[in-house]
Structures are given as C-alpha cells and as structure tokens.
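Predicted model only: the values in this text are computed from it and were never measured. Computation of the quantities below employed the complete heavy-atom set of this structure, encompassing side-chain atoms and omitting hydrogens, waters and symmetry-equivalent molecules.
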Amino acid sequence: MARNPVTWLGVPAFPKAAHEALADSQLRRNLRHATHTIRDKRARTVAEVPDWEELRRAGEAIKNDVLAHLDTYLERLEAAVTARGGVVHWARDAAEANEIVLRLAREAGTHEVVKVKSMATAEIGLNEALEAGGVTAIETDLAEVIVQLGHDRPSHILVPAIHRNRAEIRDIFRREMPGAPADLPAEPRALAEAARKHLRQKFLTAKVAVSGANFAVADTGSIMVVESEGNGRMCLTLPRTLITVMGLEKLVPTWRDLEVFLQLLPRSSTAERMNPYTSVWTGVTPGDGPQEFHLVLLDNGRTEALADPVGRQALRCIRCSACLNVCPVYERTGGQAYGSVYPGPIGAILTPQLVADPHDKQAASLPYASSLCGACFEACPVRIDIPEVLTHLRAKTVAAKPKASPERIAMKVLAQVFGDPRKYEAAQKAGSLARSLVPGGKVTKLPWPGSLWTDSRDAPLPARESFRSWWRNNRG
C-alpha cells in the first residue's frame with residue numbers, strides 16, 4: 001500500500017505514457033521552445049560566476065551535513081520556532097499532514113485558503129484532501145492557476161504549465177475564470193492582468209494561507225520562500241493564520257549557509273541573479289503579519305530514503321528544475337508522462353523512494369526514464385549524481401523481481417556465457433553466422449521478448465569476424 005499520493009492514480013507506467021506524449025506534436029513544440037529558452041538563459045547567468053563549481057561543492061557539503069545530522073537540526077528548528085510563537089506539527093505521512101492542515105483551517109473558521117506554490121502540498125494531495133473536507137484551496141502562482149482552472153496536472157517543477165502555450169491559456173481563462181473578458185487576447189500582459197484581478201479579492205478576504213518552504217534556518221526558526229510574482233508576499237502577510245508544509249530535508253543550519261543557496265537557486269531555476277521576491281518569517285510578530293503560525297514537518301518516506309547511502313542524494317534537491325531543462329527525455333515527453341508531482345530526472349529518483357509500495361509499476365518504471373547521458377548531474381547545483389542513483393534503483397527493481405522472471409533467467413544465461421571463454425567465443429561465431437539469415441545488416445523485428453527492443457530501435461548484427469578471431473588470424 002502506498003503511503004502517499006506522490007504518483008497520480010490511473011496514469012500508466014512511463015513507457016506507455018511517454019509513447020502517448022510523443023504523439024502530441026503541439027506538446028513537443030511547447031516543451032522544446034520553453035526548455036531551450038530557459039536552458040540558454042541559465043547558461044549565460046551561470047557563466048557570470050567565476051566560482052560556480054566551488055558554490056556547487058559548498059551546496060553539496062552543506063546538504064550532506066544536514067542529512068548526516070538531521071535529527072539534531074530538526075530539534076533545533078522546533079525549539080527556535082516554538083520560542084518565537086509558532087507551533088510545530090510532525091506528520092509521518094500524507095494522511096497526517098492533510099488532517100493537520102484541514103483541522104487548522106476549520107479551527108480558523110474558513111472554507112477557503114490561499115496557497116503559495118508548494119511541491120510538498122502537491123506531493124501529499126492537499127488540495128484534494130481539503131476539498132473532501134469542505135475547504136477550497138486557491139492557487140495563486142500564475143502557472144498553478146492555469147493548471148487548477150484547466151483541471152490539469154503540472155508538468156514542470158518550476159513552470160507547472162510549461163506544456164501550455166498562450167492560446168491554450170487564453171481559452172482556459174475564457175472558459176473557467178470568473179469575470180474573464182470574453183474577448184481576452186492571447187497576450188501575456190492581458191493574461192497576467194486577468195489573473196491578477198481574479199486573485200486580488202481572494203488575497204484581501206483570506207483568513208488562512210498555506211505555503212511551502214524553500215529553506216528553513218535551524219538556528220533561528222526562520223522560514224524562507226522565494227518567488228517571482230509577488231503572490232507569495234500577499235499570502236504571507238495578509239491572512240491571520242499561516243500554515244507552512246515543509247519536507248524534513250529543507251533545512252540549513254545557519255543564516256550564513258543561505259548565502260550559498262541564494263546564489264545557486266535563482267541562477268539554476270529562473271536564470272536570474274536573484275529572486276524578485278524573497279520572503280522570510282520567524283514565528284509570530286504581534287501586530288505585523290499572520291498572528292498564528294503553524295509549521296508542518298513532513299516525513300512521507302524521507303527517513304526511508306535517508307537510510308539508503310546512495311539514494312539519499314535525492315534529498316539534497318533544492319527544486320530548481322535545472323535537470324529537467326537539460327534532459328533529452330523530459331524535453332520530448334513532458335512532465336505528465338512521469339505520473340508524479342516530481343517529473344524529470346529528479347522525479348525519476350525521488351518518486352520511487354517516496355512511494356512505499358514496491359509493486360507500484362508506475363514508480364518502478366521511472367528509473368528507466370533516462371538515457372544516462374549525465375547532463376542532469378552537470379546541471380545540478382548541489383551535485384546530485386542522478387545517473388548513479390538511477391542505476392542503483394534499477395538494480396533494486398531487478399532484485400525485487402521473482403527469481404524465475406525472464407530478466408533474471410536471461411541475465412543468468414548471459415553470465416554463464418560471459419564467464420566462460422569457450423562459450424563466449426561460440427556465441428560470437430553463432431552471431432556471425434546469423435548475418436546470412438538477416439538481409440540488410442540489421443534486425444528490425446524480433447518475437448517477444450526481443451520485440452521490447454525492436455519496437456523502439458533496430459538491433460545491429462554482430463560483425464562478420466569477432467575481434468578474437470581477427471587477432472588470432474592477424475597477430476598469431
């Protein structure tokens with residue numbers, strides 16, 4: 001049984017979902033334009049920093065220290081938040097986190113909450129849980145508004161509506177947004193203005209806001225959110241009650257550590273030198289901002305991931321999305337094919353570790369959603385070796401299969417062939433003889449299970465003469 005709604009119900013495993021996505025030419029055009037634009041701009045802003053590699057290594061070291069001493073830093077954070085008038089709640093899984101937020105909203109006497117964009121709340125399915133409890137969650141980030149009004153699913157960590165173009169967004173606003181002009185043009189300024197008018201009344205009347213967190217400072221209990229539109233600032237100052245849902249790993253020990261991440265994150269995510277809006281709050285300040293602050297610390301599989309010496313690298317992630325923008329697989333399939341709130345390369349290693357059910361075919365397929373080209377590691381600002389974790393998780397998937405599975409049997413036979421020089425040479429000779437049976441020099445169609453390969457690519461035939469044979473004939 002899965003511990004959380006990290007993956008979407010009803011979405012097929014990645015191979016099938018990717019096949020369907022590849023057939024959508026409009027989606028592929030949208031993705032290519034958006035990812036290449038962000039990628040090129042990021043390359044220019046990163047090139048401005050002479051010590052970029054040193055910053056990456058510093059970010060890696062700080063995050064490794066946090067993960068190695070997570071219990072100590074979490075206790076320090078709890079004490080600091082409590083001392084400054086906040087209340088800390090611990091949630092083992094999605095169900096507990098959703099129950100806490102719903103209860104707090106009801107206690108505040110509201111049937112509506114405004115939200116700052118948060119991957120953690122998407123991870124636990126908070127919007128759906130609140131709706132089931134009679135509370136409506138209003139997204140305020142422009143891209144999240146597009147996704148919510150379009151009854152859609154996000155496809156990118158930073159730009160959830162990256163799969164939509166301006167004409168599609170205009171149609172969604174005309175159809176779903178109350179008060180949107182019938183003649184609303186597909187022009188960015190007009191679309192942003194329509195969203196601003198739609199949200200302004202929500203900001204002014206909201207009693208409760210729900211936020212995520214980019215970072216939390218253990219020493220002072222300070223929580224930070226960085227964003228580009230100002231919607232976060234509205235949510236974090238106007239409502240009386242503020243509820244922050246934060247993954248356990250979002251900690252940094254001290255304020256000085258933020259110096260590193262506030263250089264790494266904006267350049268890696270929005271390709272900016274600094275974020276337009278950086279909001280920090282520490283507990284409760286009488287007469288200024290929210291008068292009730294609740295921090296929900298979310299585990300939801302993180303401690304299990306922490307126990308894996310290789311897989312724990314995924315917990316260093318600062319949700320910048322740089323790996324998505326350079327990934328050739330993501331560029332062609334989009335985020336929805338991953339069937340998870342965490343798409344792209346980071347999702348391929350994070351989602352399988354957060355999902356408790358080892359038989360979840362959707363999550364188990366994600367480590368194979370990669371060409372292992374390594375571009376994601378080169379782009380990652382905290383040096384997560386995503387290819388290493390991918391191969392590690394693939395090995396775990398194979399190990400969990402029955403001993404009589406076709407893959408295990410095939411690998412066992414191959415091990416015997418590769419482990420015996422005579423068998424290996426006999427196999428080479430047999431392969432060379434097979435050339436005469438196949439015209440054209442390549443195999444384009446094989447029966448199952450070989451069809452799993454030839455459905456996507458041709459299989460090359462062995463050379464006419466093996467290297468061993470050539471060496472024997474030419475070098476004696």
Side-chain angles (χ1 to χ4, degrees), residues 32-67 117 119 141 143 156-159 162 212-220 222-230 232-233 249-280 313-328 330-331 342-347 349-350 373-389:
R32 178 175 174 80
H33 173 73
T35 56
H36 279 249
T37 299
I38 298 171
R39 181 194 309 178
D40 295 343
K41 187 179 177 184
R42 176 189 179 274
R44 291 193 296 270
T45 55
V46 165
E48 296 174 352
V49 184
D51 60 345
W52 181 254
E53 188 59 29
E54 287 78 4
L55 282 169
R56 291 180 73 210
R57 291 187 180 277
E60 176 188 18
I62 293 168
K63 280 293 187 177
N64 282 345
D65 174 63
V66 168
L67 296 178
K117 189 170 86 170
M119 296 298 293
D141 175 86
H156 193 277
I157 289 176
L158 181 69
V159 195
I162 197 172
N214 289 101
F215 305 104
V217 182
D219 277 357
T220 62
S222 304
I223 312 297
M224 176 180 287
V225 163
V226 296
E227 39 105 11
S228 300
E229 300 172 16
R233 187 68 56 83
E249 79 283 9
K250 290 300 186 71
L251 284 167
V252 295
T254 69
W255 267 89
R256 186 170 184 177
D257 297 315
L258 287 173
E259 175 189 354
V260 173
F261 294 105
L262 291 182
Q263 294 181 77
L264 289 171
L265 180 57
R267 283 180 167 84
S268 296
S269 56
T270 54
E272 296 171 299
R273 296 176 182 88
M274 66 181 294
N275 291 96
Y277 295 90
T278 300
S279 301
V280 184
Q313 295 180 63
L315 298 180
R316 295 206 299 259
C317 177
I318 58 174
R319 308 293 192 268
C320 71
S321 75
C323 62
L324 281 70
N325 299 326
V326 299
C327 178
Y330 174 86
E331 180 187 316
Y342 298 112
I346 187 62
I349 65 172
L350 184 59
C373 69
C376 49
F377 171 63
E378 296 300 326
C380 178
V382 288
R383 290 175 49 83
I384 301 171
D385 193 340
I386 293 177
E388 179 188 30
V389 184

Would you check if the side chain of D257 reaches a backbone N or O of T254 as a donor-acceptor pair within less than 3.5 Å?
yes

Is it true that E331 and R39 have a side-chain N and a carboxylate O under 4.0 angstrom from each other?
yes

Given the rule in the side-chain contact (heavy atoms from CB on, under 4.5 Å) test, do R57 and E54 qualify, once you have shown the distances and angles that lead to the verdict?
CA-CA 5 Å; R57 291 187 180 277; E54 287 78 4; 5.8 Å; no

Heavy-atom side-chain contact between M224 and L262 under 4.5 Å:
yes

Rounded to the nearest 0.5 Å, the CD atom of E378 sits from the CD1 atom of I386 at a distance of 11.0 Å

Has the side chain of R316 got a donor or acceptor atom that lies under 3.5 Å from a matching backbone atom of V382?
yes

Hey, does the side chain of Q263 reach the backbone of E259 with a donor-acceptor pair shorter than 3.5 angstrom?
yes

Shortest non-hydrogen contact between A213 and V225, atoms and distance
CA-CG2, 4.1 Å

Please check this pair: side chain of K117 against backbone of D141, looking for a donor-acceptor N/O pair closer than 3.5 Å.
no

Give every donor-acceptor pair under 3.5 Å between a side-chain atom in residues 317-325 and any protein atom, sequence neighbours left out.
residue	atom	partner	partner atom	Å
R319	NH2	E249	OE2	3.4
N325	OD1	H156	NE2	3.0
N325	ND2	S321	O	3.3

CG-OG1 distance between L258 and T278, expressed to the nearest 0.5 angstrom
10.0 Å

Going by side chain to side chain contact (heavy atoms under 4.5 Å, CB included), C373 matches just one of P387, P328, P345. Which one?
P328

Separation between CE of M119 and CG of N214, rounded to the nearest 0.5 Å:
11.5 Å

Backbone of L265 reached by a side-chain donor or acceptor of S268 within 3.5 Å:
no

Are any of the side-chain nitrogens in E53 or R56 under 4.0 Å away from the carboxylate oxygens of its partner?
yes

Taking the side chain as every heavy atom from C-beta outward, state whether P253 and V66 have any pair of such atoms under 4.5 Å apart.
yes

Side chain proximity check, V49 to R267, heavy atoms < 4.5 angstrom
yes

Might you confirm whether atom NE2 of H33 has over 12 heavy atoms from other residues, nucleotides or ligands at distances under 6.0 Å?
no

Looking at R42 and W52, what are the two nearest heavy atoms and their distance?
NH2-CZ2, 3.9 Å

Of all heavy-atom pairs between F261 and P266, which one has the smallest distance, and what is that distance?
O-CD, 3.9 Å

Quick check for you: to the nearest 0.5 Å, what is the distance between D65 atom CG and E60 atom CD?
12.5 Å

Measuring from atom CZ of R233 to atom CD of E227, what distance do you get when rounded to the nearest 0.5 angstrom?
7.0 Å

Keeping the roles fixed (side chain from E229, backbone from G232), state whether a donor-acceptor pair exists under 3.5 Å.
no

Considering all heavy atoms of both residues, which atom of T35 and which atom of I162 are nearest to each other, and what is their separation?
CG2-CD1, 4.3 Å

What verdict does the side-chain contact (heavy atoms from CB on, under 4.5 Å) test give for V280 and V217, after you've listed the backbone C-alpha separation in whole Å, the side-chain angles of each residue and the deciding distance to 0.1 Å?
CA-CA 10 Å; V280 184; V217 182; over 6 Å; no

